[in-house]
Each structure stands twice: as structure tokens, then as C-alpha cells.
Participant: 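I have a structure here, written as C-alpha cells, and I will follow up with some questions on it.
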Amino acid sequence: MDLHRLTIHEAADLLRRRETSSQELTRACLDRIAAVDPAVRAFVTVCADGALQQAGEADRRITNGEATPLTGIPAAIKDNMCTRGVRTTCSSRMLEGFVPPYNATVVQSLSDAGMVMLGKANMDEFAMGSSTEHSAFFPSRNPWDRARVPGGSSGGSCVAVAADEAIYSLGSDTGGSIRQPAGFCSVVGFKPTYGRVSRFGLVAFASSLDQIGPITKDVTDCALVMNAICGYDPGDSTSLNQPTPDYTRSLVPDLKGLRLGVPQEYAVAGMQPGVESAFKAAVRRLAELGAEIEWGAFLPHTRYALAAYYIIAPSEASANLARYDGVKYGFSAPEASSMWDALEKTKQAGFGAEVKRRIMLGTYALSAGYYDAYYLKAQKVRTLIRQEFDRAFARFDALITPTSPTVPFKIGEKMDDPVQMYLSDICTLPVNIAGIPAVSVPAGFVDGLPVGLQAIGKPLGEETLLRIAFAYEQSTDWHKRKTPL
Amino acid sequence: MKLSREEVKHLALLVRLGLSEDEIERLREQLSNILENFEILQQVDTTDVPPTAHCIALENVLRDDQSGPSLAPEEVLSNAPNREEQYFRVRAVLEQ
């Protein structure tokens with residue numbers, strides 16, 4: 001049996017019945033990484049010894065009858081979440097040698113549940129990008145077509161799962177960075193409500209937008225990981241102090257009684273015809289499953305979301321990234337004549353082109369004379385976008401859109417044109433602006449390239465989204481298709 | 001919105017970001033193009049619309065002032081590019 005191809009729930013069943021061990025499962029994943037990672041480059045760091053040691057501990061825990069559904073299951077963690085004793089680079093020269101002395105809360109939660117950590121996944125530098133080409137180390141490649149990007153910024157996390165290197169992974173999503181690559185790689189990616197998952201130990205990009213979430217092979221696995229990572233954390237002052245449901249109870253295979261809106265505003269110019277027809281077929285399927293569907297214009301400010309996002313996110317980033325001064329941790333320019341010179345040289349050599357672009361953009365939007373016209377204006381548009389989502393959710397249980405207007409694009413295709421690159425998040429970033437949850441599920445293929453379906457929910461509407469995603473998934477076999485690797 | 005080289009240099013100085021001459025020119029072009037795309041926001045009527053800084057309505061989050069475990073000094077200093085004994089070593093702030 002190809003153990004690395006299993007889902008969490010399949011592997012957990014075998015472990016519970018002692019038909020395999022976590023050590024066997026972990027070796028299968030490490031062998032798979034050795035075999036295919038040179039072709040797709042999902043990992044920045046592989047922790048073979050640590051993973052096998054954790055697998056041994058998990059096997060003892062299973063023998064003692066103390067297992068959770070995640071005990072002994074091998075996972076990859078995006079390289080912007082702090083892992084004690086394992087370097088956390090954000091795919092940046094700035095943090096190439098940074099070894100955190102503590103775990104992010106999500107990493108600690110998964111470790112407590114018995115995770116086997118295979119390694120740290122590649123990403124766009126500091127999570128800024130939509131293709132993983134902005135990694136300072138190397139681009140990751142789409143396992144469905146290695147000439148194409150896997151999406152980003154959680155590209156490595158999605159590739160690791162799609163290529164069966166890891167059973168599941170964690171990503172982070174600031175404007176679509178879980179959902180867009182999940183759609184591009186044909187895996188399930190969930191961005192929870194802002195505050196649902198602790199951000200403690202997540203290296204900050206845009207603090208009012210960032211949220212951690214699971215990337216899995218199916219929706220059942222998604223619910224299992226959500227159960228382990230959602231919940232209040234006193235270490236994150238923006239964490240929501242709300243009870244966490246058992247998300248596996250949402251896995252119901254029908255949609256009777258649900259009202260779903262399909263916002264016309266997401267049928268953007270530039271949407272590929274193949275994506276559009278796959279999307280329409282998926283919506284028909286949701287209707288067959290019992291949902292009441294209404295097509296219409298509900299979100300007129302969607303067309304302003306991209307501009308608002310690319311003012312708000314870089315503004316927050318320019319403040320957050322000011323901490324990289326080469327003093328307490330991270331890269332420090334060795335040759336400098338003065339403190340100011342050291343600071344300038346440290347940032348010049350430590351940051352890549354996209355990070356510099358966003359720092360400069362944010363600094364511009366926040367600077368005297370432009371603050372009202374850009375940053376304040378964007379925050380007001382943010383209010384309007386939130387309000388129209390609120391109005392839509394008074395009528396609908398969820399909104400349905402494509403995850404991205406295109407299939408995965410070619411490596412290099414958008415690298416010289418930042419605006420074109422930004423447009424690939426057009427369907428996902430309004431969700432972060434409003435702080436609401438959304439999920440991407442596999443919804444078919446166009447010429448062998450994946451298409452994702454996005455369901456957007458009201459605040460704390462995770463259960464409804466899981467139900468929609470599960471019912472849709474169970475009525476298709478998209479999630480069972482395997483990459484050519 | 002067309003940026004000048006001087007404006008790009010001024011922004012870089014505000015954030016103490018070192019840039020080569022090539023980077024200044026490339027950023028001048030790219031930022032100008034991006035900012036032009038953002039002018040669409042001026043079409044939106046935001047009269048009497050309050051700004052949103054954060055999507056969840058949280059009040060100040062307070063906790064009791066109780067001490068808890070902290071990282072050991074060695075752990076804190078373990079990533080320091082330059083250190084001296086129990087301190088981070090920095091370049092002179094005041095020059096002679």
C-alpha cells in the first residue's frame with residue numbers, strides 16, 4: 001500500500017487498528033519527499049530525524065490508547081510559523097538562520113495532538129505573493145504541470161499535500177494565500193474567521209488580515225485539523241473567546257434548506273472560459289444537492305477590493321517589517337560604517353524585490369500628505385465591503401465563487417508585472433478585508449489543470465462552509481484524482 | 001500618480017531601506033503604475049463612512065498582572081547577530 005497517499009482519517013483508522021505504525025507512515029512520507037521533492041520543491045527544511053522520533057512517541061501513545069485523530073500523522077508547516085529548534089525562514093534571506101526558541105500556538109496545539117512534523121514548507125517571501133516565485137530560495141512547482149506555479153503564498157504547503165509528500169499541512173491566508181494555491185493544486189484549503197485561530201508565533205505580514213488554516217486532501221481531514229487548531233488563545237489579543245464546535249459534525253452530505261448566493265461581481269473580466277464553465281457546473285451540482293441558488297449582484301464594491309487590499313496590506317506590512325533591524329535576530333549586514341548605514345544595508349540585502357515593493361507602497365500610503373487619500377480611504381472602503389457582505393448574509397447562508405479567475409499560470413509569466421500578479425487574488429482577498437471565513441475545494445480540471453470552488457461564509461460560519469464543501473466533494477471524485485508524479 | 005526618483009529616495013529614507021540606482025528606477029516605474037490602478041478608489045463616495053481598522057469589535061483585552069515563565073537569556077540571545085556577554089551588541093548610535 002502507498003501509505004503516503006492516505007488521508008488523515010484513512011491513516012488514523014489504520015493506526016488505530018495497528019495495521020500500520022506512525023513510523024512506517026512517516027518513512028513512507030520521507031521516502032516520497034526524497035523521490036519527488038527535487039521536482040516540485042515544496043520544502044525549505046525537511047526534519048527527517050525529528051519526524052521519526054516524534055513518530056516513535058506517537059506509536060507509544062497509540063499503544064497506550066491515548067491517541068487523538070491526528071496522533072502520528074505526518075504534516076508540513078508553512079515556514080512562517082515558529083517551530084522551536086527548527087529554523088523558520090519565511091523563505092527570506094532575512095530569516096535564513098532564524099531558529100525560534102518557542103512554538104507558535106498552532107504548532108504547539110498540533111504537537112500536543114501528536115503531530116509528526118516532516119518539515120517547513122516553501123512560500124512567497126514573508127507571504128507576499130501569489131505564485132511562490134517570490135521565495136528567496138527557489139520557486140515551488142505545480143505537481144499537475146511543473147512548468148506552472150502552484151499559487152501562493154502557501155504554495156509549498158499545497159504542493160506537499162497535492163504531491164502526497166505530507167498527509168496535511170498548515171498555511172496562512174492574508175489575501176487568498178491558502179485558498180488560491182489550494183485551488184491551483186486541487187486540495188482543500190480553509191481560511192477561518194479572523195480570530196478563530198491564534199496568530200501567536202505566526203510571523204506578522206498584515207496583522208488585521210492574517211489567518212492560519214488547514215490544507216488537506218479532503219474535507220473530512222479539514223474538519224479534523226480545524227478541531228485541533230481553532231480556539232481561544234490568551235497569547236493573541238485578537239483571538240476570539242468563543243466556544244469551538246466539533247467540526248466533524250458538519251460533514252453532512254446534503255444541502256437542503258441552504259440558500260446560496262452567486263455574486264455576479266466575481267465573474268471578472270479575464271476569467272477563463274474553462275474556469276467559468278467548471279464553476280457553473282459546480283453551482284448546478286450544489287442545486288442538485290438541495291441548495292437554493294440565486295444568481296445576482298449583491299457585492300457592488302468588489303471592484304474596489306483589490307485597490308483597498310493593496311493599500312491596507314502593504315501599510316500594515318511596512319510597519320510590521322520595520323522590526324528587521326539586524327540587532328536581535330535575523331540577517332545583519334556585516335560591513336557598515338554607522339548604525340544608519342547598517343540598517344539600510346541589512347534591509348537592502350535581506351529583503352527581496354516584492355517585499356521591498358510592498359514596504360515602499362505601504363510607506364507611501366501612510367506618509368504625510370497621502371495618508372487620507374490612500375490609507376484612510378482604503379479603510380473606509382473596507383467598511384463598505386464589510387457592510388455589503390453583512391447585507392448579503394442576511395439573505396444567504398453562504399456565497400459561491402470561483403477561487404481564482406484562471407487555472408495555474410506559467411512560471412515567470414507574471415513576475416515582471418506586479419498588478420497582473422495581484423489580480424490572481426481578486427476572488428479571495430475581499431474575504432480577508434471583511435474578516436470572514438472561506439474554503440476552496442477541488443472543482444474539476446481544464447486541460448488537466450485544477451479549478452477551485454470557493455464558498456464564503458458569515459463570521460463564525462465555518463460549519464456551514466464545511467457542510468457545503470463536504471456535500472459537494474462527496475458528489476464528485478475530483479479530490480480522488482492524483483497528480484502525474 | 002507619477003512618482004519622481006526623489007520621492008522614491010525619500011520613501012526609502014523614511015523606512016531606512018537601502019536601494020541601488022537600478023532598484024530606485026524600477027520601483028519608480030512599478031509604484032507609479034500600481035498607484036495609478038489605485039485611483040479607482042477616488043470614485044467611491046465615502047462621506048460619513050467610518051474607517052475599519054479591524055473586523056472584529058474587540059474592546060481592550062486586559063489580563064491580571066501575573067508573572068509567568070519567560071525565555072531564558074541564552075534562548076533570547078541565541079539568534080543575535082552580534083552579542084557581548086548577556087547583551088545585544090549594536091553599532092554606536094552617537095557618532096563622535
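As the structure is a computational prediction, the values presented were derived from the model and not from experiment. Convention: sequence-line order gives letters A, B, ...; per-chain numbering from 1.
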Participant: For A:A434, which atoms come within 4.5 Å of any heavy atom of chain B: side chain, backbone, both, or neither?
Facilitator: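 Backbone only.
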Participant: Just so I understand: if I count every heavy-atom pair under 4.5 Å between each of A:T238, A:T193, A:D341 and chain B, which residue has the most?
Facilitator: A:T238
Participant: Keeping the roles fixed (side chain from A:K328, backbone from B:V76), state whether a donor-acceptor pair exists under 3.5 Å.
Facilitator: no
Participant: So do B:C55 and A:R386 actually touch side chain to side chain, heavy atoms under 4.5 Å?
Facilitator: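 They are in contact (side-chain heavy atoms under 4.5 Å apart), so the answer is yes.
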Participant: Determine whether a donor-acceptor pair (N or O, by modelled atom type, separation under 3.5 Å) exists between the side chain of A:T383 and the backbone of B:T52.
Facilitator: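 Checking the backbone N and O of B:T52 against the side chain of A:T383, a donor-acceptor pair under 3.5 Å is found.
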Participant: If you define the side chain from C-beta out and look only at heavy atoms, does anything of A:Q348 sit under 4.5 Å from B:E23?
Facilitator: yes
Participant: Quick check on B:L71 against chain A: is it the side chain, the backbone, both or neither that has a heavy atom closer than 4.5 Å?
Facilitator: side chain
Participant: Looking at B:V8 and A:M360, what are the two nearest heavy atoms and their distance?
Facilitator: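 B:V8 and A:M360 have their closest heavy atoms at O-CE, 3.3 Å.
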Participant: Flag the pair A:P418 / B:I34 as yes when at least one side-chain heavy-atom distance between them is below 4.5 Å, and no otherwise.
Facilitator: yes
Participant: Between A:L361 and B:F38, is any pair of side-chain heavy atoms under 4.5 Å apart?
Facilitator: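 They are in contact (side-chain heavy atoms under 4.5 Å apart), so the answer is yes.
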Participant: Please classify the contact of B:R16 with chain A as side chain, backbone, both or neither, using a heavy-atom distance under 4.5 Å.
Facilitator: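 Both backbone and side chain of B:R16 come within 4.5 Å of chain A.
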Participant: Taking the side chain as every heavy atom from C-beta outward, state whether A:Y374 and B:L35 have any atom pair closer than 4.5 Å.
Facilitator: yes
Participant: Taking the side chain as every heavy atom from C-beta outward, state whether B:R26 and A:K356 have any pair of such atoms under 4.5 Å apart.
Facilitator: no
